[in-house]
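To keep things clear, I will list the structure first and then write my remarks on it.
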Amino acid sequence: MNKDAKKYYRDIKSVIPSGDHQEKRLIKDYKIRITELNEMKPDITYDELQQTFGTPIDIVTEYYEGADTGYIMQKIRTTRIIRFCIYCILILTLAGFAISTSINIRLYHEIHQGIVTHEKTIIK
């Protein structure tokens with residue numbers, strides 16, 4: 001593939017939001033189509049690719065317009081669950097760091113106050 005064909009392929013990969021098996025198949029199909037078109041016309045430009053296949057945004061829009069509603073809803077639910085789990089892990093991690101820091105600060109103050117810096121000696 002030439003430079004423009006690779007850029008067009010990367011743009012398609014970057015706008016597809018998920019890495020599920022159907023999306024991977026879509027990306028693979030477009031890679032095959034872009035490669036075949038590039039073999040027939042080695043000096044193809046980015047604009048010619050957009051005229052042939054459409055813009056990367058148009059490709060994703062067409063894909064999701066034709067996709068099953070149940071499939072899309074399942075992907076949304078899965079994304080929501082994963083996002084919730086990540087937020088919970090982050091909150092628990094931050095809480096752990098805060099507790100650890102407060103314990104370390106308290107121990108530092110206790111140790112610092114326990115060090116003898118001045119000693120009075122009374123001789124009789």
Rounded to the nearest 0.5 Å, what's the gap from [atom1] on [X] to [atom2] on [Y]? Could you check?
X    : Y    : atom1 : atom2 : answer
L26  : I12  : CG    : CD1   : 8.0 Å
K13  : Y30  : NZ    : OH    : 16.0 Å
L49  : I44  : CG    : CD1   : 4.0 Å
Q50  : I57  : CD    : CD1   : 10.5 Å
I111 : Q113 : CD1   : CD    : 11.0 Å
I27  : I34  : CD1   : CD1   : 10.5 Å

Query raised in the report: In terms of the angle between their ring planes, are F53 and Y8 parallel, tilted or perpendicular, with boundaries placed at 30° and 60°?
Result: parallel
Do the non-hydrogen side-chain atoms of [X] and [Y] ever get within less than 4.5 Å of each other?
X   : Y   : answer
R77 : M73 : yes
E39 : L37 : no
I86 : R83 : no
D58 : T55 : yes
K28 : E23 : no

[Y] reachable from [X] in the ILVMFWY side-chain graph, under 4.5 Å edges:
X    : Y   : value
I105 : L94 : no
Y46  : M40 : yes
I82  : L90 : yes

* Going by atom types only, do Q22 and R25 share a side-chain donor-acceptor pair under 3.5 Å? -> no
One thing to verify: whether D11 and K7 come together as a salt bridge, which I'm taking to mean a side-chain N less than 4.0 angstrom from a carboxylate O.
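Here K7 pairs with D11 in a salt bridge, since their nearest N and O are under 4.0 Å apart.
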Residues I59 and G54: closest non-hydrogen pair is CD1-O, 4.0 Å
Please evaluate residues Q74 and I76 with respect to the criterion side chain to side chain contact (heavy atoms under 4.5 Å, CB included), reporting the C-alpha separation (whole Å), side-chain torsions for both, the decisive distance (0.1 Å), and the verdict. CA-CA 5 Å; Q74 180 62 36; I76 291 170; over 6 Å; no
Sub-3.5 Å donor-acceptor pair from the side chain of S100 to the main-chain atoms of G96, do we have one?
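No: the side chain of S100 does not pair with the backbone of G96.
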E48 side chain to T45 backbone, donor-acceptor under 3.5 Å
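The answer is yes, because a donor-acceptor pair under 3.5 Å joins these two groups.
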